[in-house]
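The block underneath contains the structure these notes are about, expressed in structure tokens.
Only heavy atoms go into these numbers, but all of them, side chains included; no hydrogens, no water, no symmetry mates.
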Amino acid sequence: MSNVTVSIPHQLTRAEAKLRIEYGVSKLHKQGGSPLSGLKESWTGDTLDFSGSAMGQTITGKLFVEDQTVRIEVALPAFLSMLADVIKPTIEQQGRQLLAGPKRT
């Protein structure tokens, strides 16, 4: 196992950041645009536990909504850890786009 950690700064309230993440996850389910198949998620407060599979490998992780940062920790199996240098910037880019949009009301 290899861990990838991504921290994405934001200037939102925790509630707004969490709302945008929930919206993004919901959109992935509806559009089927997630690179993870069988995506499962569960919120406990401001922490999201998630799992899914990619290329036949199970991926698990946690997302923490903090005051000025969203931190994502992903546990990659050995086979996918070779792609960590590709996966990390992709997570950062998509996370920044999700958090940078106009405020939702």
Side-chain angles (χ1 to χ4, degrees):
M1 281 278 173
S2 174
N3 289 336
V4 172
T5 301
V6 175
S7 293
I8 303 167
H10 67 82
Q11 297 178 345
L12 306 167
T13 64
R14 280 186 185 218
E16 178 66 21
K18 182 177 176 182
L19 183 66
R20 290 180 188 207
I21 293 163
E22 289 173 331
Y23 173 76
V25 170
S26 172
K27 191 174 171 183
L28 284 176
H29 280 292
K30 289 178 184 174
Q31 295 178 345
S34 175
L36 294 176
S37 60
L39 181 61
K40 296 177 184 168
E41 76 276 344
S42 173
W43 284 97
T44 303
D46 291 335
T47 301
L48 172 65
D49 290 292
F50 62 90
S51 66
S53 63
M55 300 173 64
Q57 304 288 309
T58 300
I59 297 172
T60 60
K62 288 185 177 282
L63 181 147
F64 305 91
V65 179
E66 300 169 345
D67 287 335
Q68 297 177 339
T69 305
V70 170
R71 185 169 40 95
I72 306 159
E73 297 176 357
V74 182
L76 298 174
F79 177 73
L80 291 177
S81 66
M82 296 181 294
L83 301 174
D85 290 341
V86 174
I87 294 169
K88 185 174 180 174
T90 301
I91 294 170
E92 287 175 335
Q93 178 189 19
Q94 291 179 353
R96 287 182 194 278
Q97 288 175 350
L98 191 61
L99 294 170
K103 282 199 173 187
R104 297 177 43 81
T105 53

Count the heavy atoms of every other residue, nucleotide or ligand shown that sit under 6.0 Å from CD of E92, and state whether that count exceeds 12.
-> yes

> Does T69 reach the side chain of F64, with side-chain heavy atoms less than 4.5 Å apart?
Replying inline: no

Taking every heavy atom of R71 against every heavy atom of E66, the minimum-distance pair comes out as NH2-OE2, 2.9 Å

- Message: When you measure from the side chain of K18 to the backbone of G45, do you find a donor-acceptor pair of N or O atoms at a distance under 3.5 Å?
- Response: yes

Sequence neighbours excluded, the answer for salt bridge (charged side-chain N to carboxylate O under 4.0 Å, His left out) partners of K88 is none

To the nearest 0.5 Å, atom OG of S51 lies from atom NZ of K62 at 11.5 Å

Test side-chain contact (heavy atoms from CB on, under 4.5 Å), reference L76, set N3, T58, I59, output is I59

Between the CD atom in E41 and the OG atom in S26, the distance rounded to the nearest 0.5 Å is 8.5 Å

key: Sub-4.5 Å side-chain heavy-atom contact between W43 and I21   = yes

Shortest non-hydrogen pair, G24 vs L98, comes out as CA-CD1, 3.8 Å

To the nearest 0.5 Å, atom CD1 of I8 lies from atom CG of L63 at 8.0 Å

Heavy-atom nearest pair, V65 first then R14, reads O-NH1, 3.4 Å

| message | Between E16 and R20, does any side-chain N to carboxylate O distance fall below 4.0 Å? | response | yes

d(T90 OG1, D85 CG) to nearest 0.5 Å is 11.0 Å

| message | Contact between L83 and M55 at the side-chain level, heavy atoms closer than 4.5 Å - yes or no? | response | yes

Separation between OG (S81) and CD1 (I87), nearest 0.5 Å, reads 8.5 Å

